[in-house]
Protein chains: 2
Amino acid sequence: MMIQSTLNQQRLNKGSYTVLRALKEIGKLSSAQDIHLWFRLNETADAPALTTIYRALDSLLKMNLLQAVDIGDGERRYEIVEPGEHHHHLICTDCLESIHLEKCFLEAFASSVEQRHGFVVRSHVLEIFGICRKCSSKKPKAPSV
Amino acid sequence: MMIQSTLNQQRLNKGSYTVLRALKEIGKLSSAQDIHLWFRLNETADAPALTTIYRALDSLLKMNLLQAVDIGDGERRYEIVEPGEHHHHLICTDCLESIHLEKCFLEAFASSVEQRHGFVVRSHVLEIFGICRKCSSKKPKAPSV
DNA sequence: ATGAGAATGGAAACGGTTTCCATTATAATC
DNA sequence: GATTATAATGGAAACCGTTTCCATTCTCAT
Ligand SMILES: [Zn+2]
Ligand SMILES: [Zn+2]
Ligand SMILES: [Zn+2]
Ligand SMILES: [Zn+2]
């Protein structure tokens, strides 16, 4: 299992390990507060304090085991990725569920930008907002206010 | 002039008009606090309170006269756009200056997403981070920490 | 066992934004 | 012009996710 081997070959402290496992079990984009709440609902023991969760997310992010996603509501969310990889999402503004897109198609674009603007691309943010299939069928038609 | 005609044909209240004019004069991505500071440095009279600036930005955004840009530092920035249009940026993480990209190339992508995932695209966020030409030449080489 | 450095938890501080409310401007009505 | 109703404004407080601070606990080499 990926997480276990990661724990063995790097020095993940208890907080980081626990948070990484929680993220895996939750299985979707989660904020620090989401994770904190999940611990309070599911695991009475070993629940790290909110501060520790923030620290763990930071260090896991620096280890490239997570990616951060900002959906613009002031709460940063995280998810497990293959080390060094990343992807983007379709995010439903109704239910906040997200669909992972297969692969990032912006790599080629980056190199063209570098040539054209003399700009060294380090990272990028791309998220697509809308209404998912489920929510579309719930609300047959948006009220034309 | 675009702003003036906008004021005439719509009912922009004083706060919104003043903030819109400030944004035009500042001429770059600005947060509410940026604008507030600019007023304190440049215009002793007519400087709207911070609360009013937030309200003005909200309503100008709803009128599609502005676009909001989130560079992930917890401070939302705004800029004037042609009504209904939008564009993306190359943002230098060193000096925070931004280069406006010509046109959004994601429109075509949106329709393919709709078909493939049954997802109705409403909006998207795309910002590209890196080091601009000026900052690259300032620091010839990044320290390999 | 002992001591140094890292990790943790709890509370306080921080900072951008939002809310609340009293005051003031704007506009319609008489 | 006086009198309302409605909208806009400013100042302060509240809000909330996050960061900082510091005392305590853990880890581990000596
Ligand atoms: Zn949905
Ligand atoms: Zn990408
Ligand atoms: Zn720069
Ligand atoms: Zn676009």
Side-chain angles (χ1 to χ4, degrees), chain A residues 6-8 10-23 26 29-40 43-63 65-79 91 96 125 127, chain B residues 6-8 10-23 26 29-40 43-63 65-79 91 96 125 127:
Chain A
T6 300
L7 179 63
N8 292 342
Q10 313 187 219
R11 25 355 202 355
L12 278 189
N13 56 36
K14 197 166 105 182
S16 295
Y17 173 71
T18 310
V19 167
L20 188 56
R21 188 163 49 78
L23 265 175
I26 296 174
L29 283 175
S30 308
S31 67
Q33 317 250 5
D34 289 339
I35 297 169
H36 188 232
L37 181 61
W38 183 87
F39 275 116
R40 305 215 301 179
E43 285 190 315
T44 46
D46 268 13
L50 191 52
T51 311
T52 302
I53 295 175
Y54 278 108
R55 277 189 289 238
L57 290 172
D58 275 354
S59 61
L60 291 170
L61 197 61
K62 286 200 186 98
M63 294 180 198
L65 298 178
L66 302 184
Q67 78 171 338
V69 176
D70 191 343
I71 74 171
D73 66 345
E75 203 166 350
R76 199 172 305 163
R77 280 149 233 262
Y78 299 83
E79 69 183 328
I91 300 169
L96 291 189
V125 169
E127 303 299 334
Chain B
T6 300
L7 178 62
N8 293 340
Q10 313 187 220
R11 25 346 183 25
L12 278 190
N13 56 37
K14 197 166 105 181
S16 295
Y17 173 70
T18 310
V19 166
L20 188 57
R21 188 163 49 79
L23 265 175
I26 297 175
L29 284 175
S30 308
S31 68
Q33 317 249 5
D34 288 339
I35 296 169
H36 188 231
L37 181 61
W38 183 87
F39 274 117
R40 305 216 302 181
E43 285 189 314
T44 47
D46 269 15
L50 190 52
T51 313
T52 302
I53 295 175
Y54 277 108
R55 276 188 291 238
L57 290 171
D58 276 353
S59 61
L60 292 169
L61 196 61
K62 285 199 187 100
M63 294 180 197
L65 298 178
L66 302 185
Q67 77 171 339
V69 175
D70 192 341
I71 74 171
D73 66 345
E75 202 165 350
R76 199 172 306 162
R77 279 150 233 260
Y78 299 84
E79 69 183 329
I91 299 168
L96 291 190
V125 168
E127 303 300 335

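Since this is a predicted model, take the numbers as computed values, not measurements. Per chain, numbering begins at 1; letters A, B, ... match sequence-line order.
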**Student:** To the nearest Å, how far apart are B:Ile35 CD1 and C:dT17 P?
**Tutor:** 10 Å

**Student:** Just by distance, with hydrogens left out, do A:Glu75 and A:Gln33 show a side-chain donor and acceptor under 3.5 Å apart?
**Tutor:** no

**Student:** Can you tell me the distance, in whole Å, between the NE2 atom of B:His36 and the P atom of C:dT18?
**Tutor:** 16 Å

**Student:** Round to a whole Å and report the spacing from CG of A:Leu60 to P of C:dA7.
**Tutor:** 12 Å

**Student:** Taking the side chain as every heavy atom from C-beta outward, state whether B:Ile71 and B:Arg77 have any pair of such atoms under 4.5 Å apart.
**Tutor:** yes

**Student:** Between P on C:dG16 and CG on B:Asp34, what's the gap in Å once rounded to a whole number?
**Tutor:**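 Spelled out: CG on B:Asp34 to P on C:dG16 is 10 Å.
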
**Student:** Want to settle it: does A:Thr51 or B:Ser31 sit nearer the 5' end of DNA chain C, counting the closest nucleotide to each?
**Tutor:** A:Thr51

**Student:** To the nearest 0.5 Å, what is the distance between CZ (A:Arg76) and CG (A:Leu61)?
**Tutor:** 8.0 Å

**Student:** Given atom NZ of B:Lys14 and atom P of D:dG10, what is their separation to the nearest angstrom?
**Tutor:**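 Rounded to the whole Å, the gap is 7 Å.
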
**Student:** Determine the sole option in A:Leu50, A:Thr18, A:Asp46 for which the side-chain contact (heavy atoms from CB on, under 4.5 Å) test with A:Phe39 is passed.
**Tutor:** A:Thr18

**Student:** To the nearest 0.5 angstrom, please state how far the OG atom of A:Ser59 sits from the CG atom of A:Leu66.
**Tutor:**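 It comes to 8.5 Å.
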
**Student:** Could you go through the side-chain contact (heavy atoms from CB on, under 4.5 Å) check for B:Leu12 and B:Met63 one step at a time?
**Tutor:** CA-CA 10 Å; B:Leu12 278 190; B:Met63 294 180 197; 3.5 Å; yes

**Student:** From the options C:dC20, D:dT9, D:dT18, select the nucleotide whose nearest atom is closest to the side chain of B:Asn13.
**Tutor:**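 That would be D:dT9.
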
**Student:** Test side-chain contact (heavy atoms from CB on, under 4.5 Å) on B:Leu57 and B:Leu23; report intermediate values, then the result.
**Tutor:** CA-CA 10 Å; B:Leu57 290 171; B:Leu23 265 175; 4.1 Å; yes

**Student:** Given that B:Tyr54 and A:Asp46 both sit by DNA chain C, which one's nearest nucleotide is further toward the 5' end?
**Tutor:**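 Between the two, 5'-proximity favours A:Asp46.
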
**Student:** Using whole Å, report how far CG of B:Leu12 lies from C1' of C:dT26.
**Tutor:**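 The distance from CG of B:Leu12 to C1' of C:dT26 comes to 16 Å, rounded to the nearest Å.
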
**Student:** Provide, to the nearest angstrom, the distance between the CZ atom belonging to A:Arg55 and the P atom belonging to C:dG10.
**Tutor:**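 Computing the A:Arg55:CZ to C:dG10:P distance gives 11 Å.
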
**Student:** Taking only heavy atoms on the protein side, list every residue of residues 66-78 of chain A lying under 4.0 Å from any atom of DNA chain C, sorted numerically.
**Tutor:** none

**Student:** Rounded to the nearest Å, what distance is computed from the CG atom of residue B:Leu50 to the C1' atom of nucleotide C:dG16?
**Tutor:** 9 Å

